[in-house]
Colleague: 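Got a structure here, written out as structure tokens. Questions coming.
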Amino acid sequence: MSDEKSLNFLEEIVDSDLKAGKYKQIITRFPPEPNGYLHMGHAKSICLNFGLALKYGGYTNLRFDDTNPVTEDTEYVESIKNDVQWLGFQWKHELYASDYFAQLYGFGIKLIEKGLAYVDDSTSEEIAAQKGTPTQPGTDSPYRNRSKEENLKLFQEMKEGKYPDGAKVLRARIDMGHINMHMRDPILYRIKHAHHHRTGDTWCIYPMYDFAHGQSDAIEQITHSICTLEFIPHRELYDWFIAKLELYPSHQYEFARLNMTYTVMSKRKLLQLVNEKYVAGWDDPRMPTLSGVRRRGYTPESIREFCDKIGVAKRENLIDVGLLEFCVREHLNKISLRRMVVFDPLKVIITNYPEGKGEMLAGENNPEDPNATTRDVPFSREIYIEQEDFMEVAPKKFFRLAPGQMVRLKNAYIIRCESVVKDSAGKIQALHCTYIPESRSGSDTSGINVKGTLHWVSVQHAVPVETRLYDRLFKVEDLGDAEGDFKSYLNPDSLQVVQAYAEPALLEATTAERYQFLRKGYFCLDPDSTHTKLVFNRTVTLRDMWAKEAKKD
RNA sequence: UGUCCGAUGGUGUAACUGGCAACACGCCUGAUUUUGAUUCAGGAAAGUCCAGGUUCGAGCCCUGGUCGGACAACCA
């Protein structure tokens, strides 16, 4: 039995490259376009790229692929940097494709000089028509055979701003009959009189992705350039530019992007949800964005663990969100502070507990922590328990509170339900219970054994808090498979706001801590909280076998 | 009609590179438990897309199919 985990296909490539002495160190890059916020799919890529460099020795650059000024913005740059660091990774160099605009322009000239690029006056429709189809070869542009001198002059004039947007493009001169559509004289440069978030107005021509990405990799001497499957057909072009331009031979490798059940993972769709106000913003806790899951209370540790567990391969996949939730619970169970909060109160009056009396009980902050400390929990004659923890007529498997039944109050006493107080309409108003004085937690001499333990909050000490309970954003498991507008599958109940009653220890809650509301789930303080109003987000529920059992009937 | 990529339990990922399919999630059962949580023990679940072939032996190799996906933005 080997205790070493088997390598994924990319690790195998890196491993064998290193063993073959191909590189002394590996260099990877994470290349987001600053036109949206990072999501869980990016997390997979980040963990992969940074993880590879960390594991095999080397480093990772953060490079913004900012070649399209009309969609990009510094707001996104800042959020992306923040998200990568939050996830726990540090890049070696912060770079921008726009840093290479001058060099890239030079590469364009070089290709023209080699007779491998030309300026085309065709419209975008004409160019599209020239492309042909995957099964039919394309046709040459009428401008394909311009002289080098003319191309050089025209390209320079494009750069100088002599032409309006769309008037001309620079195209590679490869083969309009090529079996690979991407090799049919792809566009290298287009004219966009647009303000760039970094270069301002110095350029009015901008390189296309294909003409920028590989060359940027080469300039940075990236050894392994890792991207998603849809770029497979681009690889031939990627290699062509490097060969013709005689650059450092970076290599592109592709892996399957992450898909998760009950959510979408495309920037375009996420942007739509934000713009059309289906969610409160990029950091809405229901969003699969990193800012969203962060606000929801997911920890970077749990996301890294998740990325490790899902593996890396080339086959398309749909990961069960349940796995992410498992990773989150696993981590939160270890670190969160236990607190009691009642969401749907039912008043319990402990009739044999003296009126006006109160006492402080000790509650463990975290039973998973060997150096457990405790917090004070006030107890008194009137408390709240959950409505759902009481049943007037209970099935045999129900071992919570019912008339004549006994339960333990967590960190406190065993109580017995003596009677039910109802209003004229027969609605339950409160429960009258008695407590067993010698059953106090920590000094229980009663000898009584009960099956159920309930969380509770003292009525007079209860702190009203707002809780936001999240459910899956969409109703269907596989959005990729769903017909029509993806927004028609939104789950109308994905957010539920509930006013709840918390124990006073929560008054000191901070955003740095994570909390487990006993028997309810993991929660974190939301930044919307003020001194007078605490707001908690439910990160994830606890596993609930009883809910499953109850559903069986 | 083309080219490329892929195919292993419900979901993912493995399989010492040709040696009788493993791990995780989920599911089921039981134990422990002052959270029906956690933890622990056990179980069900694929014979590896199909058909041939090579071989003592094939999930891994070969041939031919089938199915799924990608590819025709002045997006990345």
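What you see is a predicted model, and the numbers here were worked out from it, not measured in a lab. A note on names: the letters A, B, ... follow the listed sequences, proteins ahead of strands, and every chain is numbered from 1.
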Colleague: In whole angstrom, what separates Lys451(A)'s NZ from U35(B)'s P?
Modeller: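 Value for this atom pair: 13 Å.
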
Colleague: To the side chain of Glu368(A), which of A14(B), C75(B), A37(B) is closest?
Modeller: A37(B)

Colleague: Who does G47(B) pair with, Watson-Crick or G-U, both distances under 3.5 Å?
Modeller: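 Because no pair has both required distances under 3.5 Å, G47(B) counts as unpaired.
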
Colleague: Output the single nucleotide from U35(B), A72(B), C75(B) whose closest atom is nearest the side chain of Arg190(A).
Modeller: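 Among the listed nucleotides, the one closest to the side chain of Arg190(A) is C75(B).
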
Colleague: Between Ile385(A) (CD1) and U34(B) (C1'), how many Å, whole number?
Modeller: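 Spelled out: CD1 on Ile385(A) to C1' on U34(B) is 16 Å.
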
Colleague: For the side chain of Ile187(A), counting heavy atoms from C-beta on, which of U35(B), A24(B), C74(B) is nearest?
Modeller: C74(B)

Colleague: Using a 4.0 Å heavy-atom cut-off, does Lys548(A) contact any base of the nucleic acid, only the sugar-phosphate backbone, or nothing at all?
Modeller: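 Answer is sugar-phosphate: Lys548(A) comes under 4.0 Å of backbone atoms only.
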
Colleague: Quick one: which of U35(B), G12(B), C75(B) gets closest to the side chain of Ile319(A)?
Modeller: G12(B)

Colleague: With a 4.0 Å cut-off on heavy atoms, is Arg171(A) in touch with a base, just the backbone sugar-phosphate, or nothing at all?
Modeller: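 Here Arg171(A) touches no strand at all.
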
Colleague: So what does Thr541(A) touch, heavy atoms closer than 4.0 Å: a base, only the sugar-phosphate, or nothing?
Modeller: nothing

Colleague: Can you classify the ring geometry of Phe523(A) versus Phe517(A) as parallel (below 30°), tilted (30 to 60°) or perpendicular (above 60°)?
Modeller: parallel

Colleague: By nearest atom, which of the nucleotides A15(B), A76(B), U35(B) is closest to the Met208(A) side chain?
Modeller: A76(B)

Colleague: Do the side-chain N and O atoms of Asn366(A) and Arg338(A) include a donor-acceptor pair separated by under 3.5 angstrom?
Modeller: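 Yes, because at least one side-chain N or O of Asn366(A) sits under 3.5 Å from a partner of the opposite role on Arg338(A).
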
Colleague: Quick one: label Ile414(A) by what it contacts on the DNA or RNA (base, sugar-phosphate, nothing), any heavy atom closer than 4.0 Å.
Modeller: nothing

Colleague: If only side-chain N and O atoms count, and only distance matters, is there a donor-acceptor pair under 3.5 Å linking Tyr238(A) with Gln252(A)?
Modeller: no

Colleague: For Pro367(A), report the nucleic acid contact type (base, sugar-phosphate, nothing); a contact means any heavy atom under 4.0 Å.
Modeller: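 Counting heavy atoms under 4.0 Å across all strands, the contact made by Pro367(A) includes a base.
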
Colleague: I need the CG-P distance between Asp320(A) and C25(B), as an integer number of Å.
Modeller: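 Asp320(A) atom CG is separated from C25(B) atom P by 12 Å.
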
Colleague: Using a 4.0 Å heavy-atom cut-off across all strands, classify Met545(A) as base, sugar-phosphate, or nothing.
Modeller: sugar-phosphate

Colleague: Tell me whether the rings of Trp456(A) and Phe379(A) are parallel (<30°), tilted (30 to 60°) or perpendicular (>60°).
Modeller: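 The rings of Trp456(A) and Phe379(A) stand perpendicular, inter-plane angle above 60°.
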
Colleague: Within the structure shown, what part of the strands sits under 4.0 Å from Gln516(A) by heavy-atom distance: base, sugar-phosphate, or nothing?
Modeller: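 Answer is base: heavy atoms of Gln516(A) come under 4.0 Å of a base.
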
Colleague: Name the closest nucleotide to the Arg519(A) side chain, picking from U35(B), U13(B), C25(B).
Modeller: U35(B)

Colleague: Heavy atoms under 4.0 Å, any strand shown: does Gly442(A) hit a base, just sugar-phosphate, or nothing?
Modeller: base

Colleague: Does any nucleotide pair with C60(B) by Watson-Crick or G-U wobble geometry, both distances under 3.5 Å, and what is it?
Modeller: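 Its partner is none (no Watson-Crick or G-U wobble pair with both distances under 3.5 Å).
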
Colleague: Any donor-acceptor pair under 3.5 Å linking the side chain of Asp73(A) with the backbone of Tyr76(A)?
Modeller: no

Colleague: Considering Watson-Crick and G-U wobble pairs with both distances under 3.5 Å, what does U66(B) pair with?
Modeller: A7(B)

Colleague: Quick one: Glu388(A) CD to U35(B) P, roughly how many Å, whole number?
Modeller: 17 Å

Colleague: Under 4.0 Å: is that the gap between some side-chain N or O of Arg543(A) and OP1 or OP2 of U38(B)?
Modeller: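 Yes, within the criterion.
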
Colleague: Would you kindly give the OH-to-P distance between Tyr209(A) and A73(B), to the nearest whole Å?
Modeller: 17 Å

Colleague: Just compare G36(B), C71(B), C74(B) and give me whichever is closest to any side-chain atom of Val169(A).
Modeller: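 Of all the options, the side chain of Val169(A) is nearest to C74(B).
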
Colleague: With a centroid cutoff of 5.5 Å and a plane-angle limit of 30°, would you call Trp546(A) stacked on G36(B)?
Modeller: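 Yes; centroid distance and tilt both under limits.
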
Colleague: Using the ring of each side chain (for Trp, its six-membered ring), is Tyr96(A) parallel, tilted or perpendicular to Phe64(A), with breaks at 30° and 60°?
Modeller: parallel

Colleague: Look at all strands and tell whether Arg268(A) reaches a base, only sugar-phosphate, or nothing, counting heavy atoms closer than 4.0 Å.
Modeller: nothing

Colleague: When syn is taken as a glycosidic angle within 90 degrees of 0, is U48(B) syn or anti?
Modeller: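 Classified anti.
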
Colleague: Assign Asn333(A) to base, sugar-phosphate, or nothing according to its heavy-atom contacts below 4.0 angstrom with the strands shown.
Modeller: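 Asn333(A): backbone/sugar contact only, no base atoms under 4.0 Å.
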
Colleague: For G18(B), what is the paired nucleotide under Watson-Crick or G-U wobble rules, both distances under 3.5 Å?
Modeller: none

Colleague: Could you tell me the Watson-Crick or G-U partner of U54(B), where both distances fall under 3.5 Å? Say none if there is no partner.
Modeller: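 Across any shown strand, U54(B) pairs with none.
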
Colleague: Using a heavy-atom cut-off of 4.0 Å across all strands, would you classify His234(A) as base, sugar-phosphate, or nothing?
Modeller: base

Colleague: State whether Lys192(A) places a side-chain N or O below 4.0 Å from either non-bridging phosphate oxygen (OP1 or OP2) of C75(B).
Modeller: yes

Colleague: Is there any protein nitrogen or oxygen under 3.5 Å from a nitrogen or oxygen in nucleotides 4-7 of chain B, and what are the pairs?
Modeller:
none

Colleague: Picking from Val450(A), Ile414(A), Leu409(A), what satisfies side-chain contact (heavy atoms from CB on, under 4.5 Å) with Ser439(A)?
Modeller: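 The residue from Val450(A), Ile414(A), Leu409(A) that satisfies side-chain contact (heavy atoms from CB on, under 4.5 Å) with Ser439(A) turns out to be Ile414(A).
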
Colleague: Between OG1 of Thr539(A) and CG of Leu469(A), what distance do you get to the nearest 0.5 Å?
Modeller: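 Thr539(A) OG1 to Leu469(A) CG: 11.0 Å, rounded to 0.5 Å.
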
Colleague: Would you indicate what Lys410(A) reaches in the nucleic acid, counting non-hydrogen atoms under 4.0 angstrom: base, sugar-phosphate, or nothing?
Modeller: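 If one applies the 4.0 Å heavy-atom cut-off, Lys410(A) turns out to touch a base.
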
Colleague: The side chain of Thr133(A) lies closest to which of these nucleotides: A76(B), A72(B), A15(B)?
Modeller: A72(B)

Colleague: Measure the CE-CG distance between Met260(A) and Leu324(A) for me, rounded to the nearest 0.5 Å.
Modeller: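 CG of Leu324(A) is found 5.0 Å from CE of Met260(A).
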
Colleague: When rounded to the nearest 0.5 angstrom, what distance separates NE2 in His39(A) from OG in Ser45(A)?
Modeller: 10.0 Å

